[in-house]
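Each residue takes its place number in the sequence, starting with 1.
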Amino acid sequence: MGALRKPEPAPEASLLDVVAELKRIGLLLEGLPRAIAAASHGGRSLSKDDRAKLAILLPAISKAIGSHYFTARDLWHEAEKDAELSGALRKALGDTGALAGKKLGKLLARADGFNQDGFSVISGKKVREGMLWSIQRL
């Protein structure tokens, strides 16, 4: 057995090294909510484009429908009476033709369970007219 030696003092990190490490940790923490959301959604995440569309749609839908369940078709009928909702649908989906309902349904399906800007998309049951959706304010 060798003689015990006094441990060498750890070299002092420069202030710049400490700041660089704190920035690195900060960047890791910024991505943590997205990583947690992706893990809790089976690795799925929303694209930047989907998040941008939802940022337009969810507040308008919530204002027009509240937290009540609706189908995509119901939403288009409501948009005929609500200019703000109609504008949000046009801006986010680009059109109001026959494909717009399918686009909306697919977008809501991708967003199901995700939290976006204080709102959450919740799927209900499938009915004859399509899937029932609700927008919950968090």
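Under the salt bridge (Lys or Arg N to Asp or Glu O under 4.0 Å) criterion, no residue pair touches residues 66-77, with sequence neighbours excluded.
Under the side chain to side chain contact (heavy atoms under 4.5 Å, CB included) criterion, His68 pairs with Ile65, not counting sequence neighbours. Residues forming a side-chain hydrogen bond (donor to acceptor under 3.5 Å, both in side chains) with Ser123 (at least two apart in sequence, or on another chain): Asp112. For the salt bridge (charged side-chain N to carboxylate O under 4.0 Å, His left out) test, residues two or more places apart in sequence or in another chain that qualify with Asp49 are Lys53. For the side chain to side chain contact (heavy atoms under 4.5 Å, CB included) test, residues two or more places apart in sequence or in another chain that qualify with Ala72 are Leu104. In this structure Ala52 satisfies the side chain to side chain contact (heavy atoms under 4.5 Å, CB included) test with no other residue, sequence neighbours excluded. Taking Lys63 as the reference, Glu84 meet the salt bridge (charged side-chain N to carboxylate O under 4.0 Å, His left out) condition, with sequence neighbours excluded. Scored by the side-chain hydrogen bond (donor to acceptor under 3.5 Å, both in side chains) test, Asp82 finds no partners at all (sequence neighbours excluded). Contacts of Glu129 classified as salt bridge (charged side-chain N to carboxylate O under 4.0 Å, His left out), with partners at least two apart in sequence or in another chain: none. Checked against salt bridge (charged side-chain N to carboxylate O under 4.0 Å, His left out), Lys81 has the following partners two or more places apart in sequence or in another chain: Glu78.
Note that CG of Leu75 is 5.5 Å distant from CZ of Phe70, once rounded to the nearest 0.5 Å. Between the CG atom of Asp117 and the CG atom of Leu58 there is a distance of 8.0 Å, given to the nearest 0.5 Å. Summarising the geometry, atom CZ belonging to Arg128 is positioned 12.5 Å from atom OG1 belonging to Thr71; distances are rounded to the nearest 0.5 Å. Within the model, atoms CG of Leu107 and CG of Asp50 stand 5.0 Å from one another, a figure rounded to the nearest 0.5 Å. Put simply, OG on Ser62 and CD on Gln136 are 8.5 Å apart, with the number rounded to the nearest 0.5 Å.
Note: the hydrophobic cluster containing Ile56 does not contain Leu108 (ILVMFWY, side chain heavy atoms under 4.5 Å, direct or indirect links).
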Residues Lys48, Arg51; criterion side-chain contact (heavy atoms from CB on, under 4.5 Å); working and verdict: CA-CA 5 Å; Lys48 191 175 185 177; Arg51 287 192 306 270; 3.9 Å; yes
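Other residues sharing the hydrophobic cluster of Ile122, ordered by chain and number and joined by side-chain separations under 4.5 Å: Tyr69, Val127, Leu132.
The heavy-atom pair separating Met131 from Lys126 by the smallest distance is SD-N, 3.9 Å. Taking all atoms of both residues into account, the shortest heavy-atom contact from Leu57 to Ala88 is CD2-O, 3.7 Å.
Taking 4.5 Å as the limit, some side-chain heavy atom of Val121 sits within range of a side-chain heavy atom of Trp133.
Here the side chain of Ser134 pairs a donor or acceptor atom with the backbone of Ser67 at under 3.5 angstrom.
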